[in-house]
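Take a look at the structure set out below.
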Amino acid sequence: MTAGSSNASPQAFAFRVLSRDGAARRGLVSTPRGEIRTPAFMPVGTAATVKAMFPQDVRATGADIVLGNVYHLMLRPGAERVAALGGLHDFMNWPHPILTDSGGFQVMSLAKLRKLDEQGVAFQSHIDGSRHLLTPERSMEIQRLLDSDIHMQLDECVRLPCTEQEAERAMRLSLRWAERSRKAFGDQTGKAIFGIVQGGETPALRVESARALAAMDFHGLAIGGLAVGEPQEVMLAMLETVMPHLPESKPRYLMGVGTPDDIVQSVARGVDMFDCVMPTRAGRHGLAYTRFGRVNLRNARHAGDPAPLDAESPCESARIYSRAYLHHLMKAGEILGMMLLTEINVAYYQQLMAGLRGAIEAGRLADFIGATKEGWARGEG
Ligand code: GUN
């Protein structure tokens with residue numbers, strides 16, 4: 001059976017579009033470990049933890065899936081060790097779906113002494129200087145050892161701006177690595193592998209990448225190499241270029257994106273899945289995402305404010321703790337401040353996704369986006 005075919009057994013990986021509003025889609029990814037309601041936001045659990053949150057609290061915010069990273073887990077505690085302990089789901093006590101990123105992107109931003117060639121990328125660990133080689137085949141082996149539900153191909157993402165020659169070289173290398181990744185993944189019932197579109201800011205390269213990947217037997221396609229320093233208009237223009245060349249029947253994942261507004265705009269252009277460190281990282285730095293925009297709890301204006309962040313939030317922590325208390329915790333460097341703000345932010349991102357899904361189902365996405373942006377602009381935060 002080919003990837004993405006719909007008459008699959010209950011144990012197979014499958015995707016169905018349930019409703020549409022313009023280019024936006026409301027869908028359902030089915031995996032043996034559970035369903036993923038799309039458009040979906042995947043909290044980032046880099047090192048087998050969504051930082052500062054208990055897994056059951058991540059689930060309670062409405063997350064159906066989290067993301068893990070090959071790069072971090074291969075270095076510590078090691079993929080073979082995770083496998084010996086029963087796989088990543090048991091290890092981190094998250095029984096629901098997990099997507100793992102393939103490692104190349106993190107090698108380029110974190111590792112020391114990187115050397116990339118046709119074979120793969122050789123690098124030194126940022127933790128202890130140990131030497132490693134990540135090839136498409138080894139990345140697939142690590143993702144299989146981790147036992148993640150969705151594997152990502154190994155790719156090369158270049159920072160923007162870059163020359164067209166550089167974008168073309170990385171895109172072509174990523175296509176060759178896509179073929180090797182797909183072959184090494186083989187046929188694993190209930191699991192999926194996604195290809196990754198590259199091509200920098202050059203529309204013709206993006207189209208070529210998307211068409212070549214669409215012709216390979218992937219279960220879903222990701223758009224990579226965006227939100228890497230370019231303005232939002234460039235990112236949205238690239239999305240509009242790529243979307244018509246991606247198969248309608250497969251999920252589309254925009255990697256590493258983004259702000260709530262990036263997500264809303266991308267959903268309107270047909271993206272189904274997202275991940276980003278923003279809600280978790282911002283929470284650890286005293287920033288809250290709310291219906292009324294972003295709030296910096298470290299600001300002195302909150303020091304005596306008894307009001308909660310959002311009295312009507314479905315997230316209890318956003319309702320019961322005062323801004324004054326959150327301000328105090330952050331100023332005092334208390335761990336609970338980071339925990340509460342991380343939870344509040346992940347919950348807000350999940351509320352936004354639930355709102356988007358409901359609006360697409362009801363055929364009123366434009367109204368929902370208008371009202372959501374009005375809320376952010378009110379700035380009661
Ligand atoms: N995360 C954010 N962007 C990218 C990308 O282009 N490739 C990969 N593998 N991960 C990403």
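Remember, it's 1-based here, ligands and their atoms both numbered in the order they're listed. Worth knowing before you read on, the calculation uses all heavy atoms, side chains too, and leaves out hydrogens, waters and symmetry mates.
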Run the contact test for Gln198 against ligand 1 with a 4.0 Å cut-off on heavy atoms, strictly below, and give the result. yes

Of the listed options (Tyr71, Tyr253, Phe105), which comes nearest to atom 4 (C) of ligand 1 when hydrogens are ignored and any heavy atom counts? Phe105

Identify, by atom number and element, the atoms of ligand 1 in contact range of Gly224, meaning under 4.0 Å from any of its heavy atoms. 5 (C), 6 (O)

Does the Lys112 side chain pair with the main chain of Phe123, one donor and one acceptor, at a distance under 3.5 Å? no

Looking only at protein heavy atoms, which one is nearest to atom 7 (N) of ligand 1, and how far off is it? Asp155 OD2, 2.7 Å

Considering non-hydrogen atoms of the protein only, which is the closest contact for atom 10 (N) of ligand 1, and what is the distance? Asp101 OD2, 2.6 Å

Rounded at 0.5 Å granularity, tell me how far CG in Leu329 sits from CG in Leu336. 5.0 Å

Parallel, tilted or perpendicular, judged at 30° and 60°: which one describes the rings of Trp94 and His96? perpendicular

In terms of ring plane angle, is the pair His126 and Tyr71 parallel, tilted or perpendicular, where the classes change at 30° and 60°? parallel

Using a strict 4.0 Å cut-off to heavy atoms of Cys157, name the atoms of ligand 1 that fall inside it. 5 (C), 6 (O)

Check whether any side-chain N or O of Thr342 sits under 3.5 Å from a backbone N or O of Met338 as a donor-acceptor pair, and report yes or no. yes

Considering only heavy atoms of Ser102, which atoms of ligand 1 have at least one such atom less than 4.0 Å away? 9 (N)

Partner of His151 under ring pair (Phe, Tyr, Trp, His ring centres under 6.0 Å), picked from Phe218, Phe185, Phe13, is Phe185

Distance filter under 4.0 Å to Gly225 heavy atoms, resulting ligand 1 atoms: 5 (C), 6 (O)

Can you find a non-hydrogen atom of Gly104 under 4.0 Å from ligand 1? no

Decide whether Thr31 and Glu35 meet the rule of one side-chain donor and one side-chain acceptor closer than 3.5 Å. no

Minimum heavy-atom distance Met255-Asp101, with the two atoms named: CE-OD1, 3.5 Å

Ala222 and ligand 1 - part of the residue with a heavy-atom distance under 4.0 Å: neither

Is it the side chain, the backbone, both or neither of Ile196 that has a heavy atom closer than 4.0 Å to ligand 1? side chain

